[in-house]
Amino acid sequence: MNCSAQEIYTLLHHYEHILVTAHVSPDGDALGSVLALWHWLKAEGKDAVMVIDDDIDDRYNFLDGLSAICRPDQVKTDASWLTVVLDATGLGRIGKTADLVCGKVLNLDHHISNEHFAQWEYFKPDYAATGEILTYLFDQWHITWSPAIADALYTAIATDCGFFKFNNTTGHTLRMAAVLVDNGAQPDVISDHLDARSLNKLRALSKVLDQLELFADGRISCLSYTPELLAVIGEHTGIYIDYARRIKGAEVAFTVKYIGPTETRVSLRSKGVDVNAIAASFGGGGHVRAAGCTLDKPLDEAKALIVKEIEKRL
Ligand code: 5GP
Ligand code: MN
């Protein structure tokens, strides 16, 4: 059931124990949204617990409260708990945290591929980020803002719209960002933290760029995270797809990441081609211009399959 802002406020106050979670491979939107809701629920006197079934990229360490995020095996729940699933399309996207879902579920999400799985939902596919949804709700509820909440939500919004450069940036996105800055978010400090790289990481960039390839007369760009490259750059690869996306003439950019001999993780970005449809054809999903999926194939085979699917849509 799609709820109003007021209904969600009432619902959250009805519960005492609340589990707050988001998708595996958490990005800035997932983490910022989880932290912001958790900070506010704690301030409202709730027993709120954050759970994410994955490692967290240490470039988000500056966010207040990050160390309180638990792994699923550290938490016990029962049917009296409400689970709030943020920035995820279905329970299949939250990993083992799904085992903790014993009671009802509220889903706040902006992915076009949402499975509409929850008892209650607030679904805004025209919003750039789940952080934009939460900022809107908090603004409607006239909450008492804190710098921690404002910074978390600014990080959520800014990272999901490429710092206001992607076409999902709307007037509403900018208005919500303004609400956050007016209430204590620090865009310069957040950007400094997210842009900072160790010298080793910066030097490793040359190895990443070496892996870039073009297909279809330069209309498709691809970046491969081979096991050798992952040994140098580490597992948190979220930032690198932007280099493939920025190649002149590339209409679709994608990355293939080695997970195992027959498992490859794929991320897709586009300037217009519906990559959600491509990801969906392999069991994944996301947005029209940013999506992902996992293939039970070796890296090179997965790469060839994805190129073929993209070529059909160019
Ligand atoms: P990324 O390429 O950064 O992993 O994901 C791009 C977008 O697609 C994100 O909004 C992410 O939540 C979504 N996404 C990535 N992988 C999947 C997937 O396997 N299933 C679904 N439903 N969404 C995905
Ligand atoms: Mn998001």
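All ligand and atom numbering here is 1-based and tracks the order in the structure.
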Requested in this report: Verify the cluster assignment for V256 and L209: are they in a single hydrophobic cluster under the rule of side-chain heavy atoms below 4.5 Å apart?
Outcome: yes

Report task. Could you tell me whether ligand 1 has any atom less than 4.0 Å away from a heavy atom of A290? Result -> yes

Query - Linked, directly or transitively: L108 and I143 (ILVMFWY side chains, under 4.5 Å) - result: yes

**Report entry** T237 versus K257, side-chain donor and acceptor atoms under 3.5 Å
**Finding:** yes

Report summary line: For the Mn ion (ligand 2), angle spanned by H110 NE2 and D29 OD2 (nearest 10°) is 100°

Query raised in the report: Considering only heavy atoms of H111, which atoms of ligand 1 have at least one such atom less than 4.0 Å away?
Result: 9 (C), 10 (O), 11 (C), 12 (O), 13 (C)

**Report entry** Protein heavy atom at shortest distance from atom 19 (O) of ligand 1
**Finding:** G292 O, 3.5 Å

Query raised in the report: Just distances here: any N/O of T294 and N/O of ligand 1 closer than 3.5 Å?
Result: no

Requested in this report: Just say parallel, tilted or perpendicular for the rings of H111 and H287, cut-offs at 30° and 60°.
Outcome: parallel

Query raised in the report: Less than 4.0 Å between a side-chain N and a carboxylate O, is that true for R219 and E251?
Result: yes

Query raised in the report: Mind checking whether the Mn ion (ligand 2) has an N, O or S of H111 under 2.8 Å?
Result: no

Query - Any side-chain donor near an acceptor of the partner, T294 and R265, under 3.5 Å - result: yes

**Report entry** Same apolar cluster (I L V M F W Y, side chains within < 4.5 Å links), Y9/L41
**Finding:** yes

Query raised in the report: Which of the N/O/S atoms in D160 sits closest to the Mn ion (ligand 2)?
Result: OD2

**Report entry** Atoms of ligand 1 close to S267 [distance to a heavy atom under 4.0 angstrom, numbered from 1]
**Finding:** 1 (P), 2 (O), 4 (O)

Query - Salt-bridge present (E311, K308; N to O < 4.0 Å) - result: no

Report task. Work out whether the distance between some heavy atom of R265 and some atom of ligand 1 is less than 4.0 Å. Result -> yes

Report task. Give the name of the N/O/S atom in D87 that lies closest to the Mn ion (ligand 2). Result -> OD1

**Report entry** Ring geometry between Y127 and Y136 (parallel below 30°, tilted from 30 to 60°, perpendicular above 60°)
**Finding:** perpendicular

Query raised in the report: Can you find an N or O of G285 that's nearer than 3.5 Å to an N or O of ligand 1?
Result: yes

Report task. Counting heavy atoms only, name the option from R269, R93, E115, H23 that's nearest to atom 14 (N) of ligand 1. Result -> R93

**Report entry** Taking atom 22 (N) of ligand 1 as the reference point, the nearest protein heavy atom with its distance
**Finding:** T89 OG1, 3.0 Å

Query raised in the report: Taking only heavy atoms of H287, which atoms of ligand 1 are found under 4.0 Å from at least one of them?
Result: 10 (O)

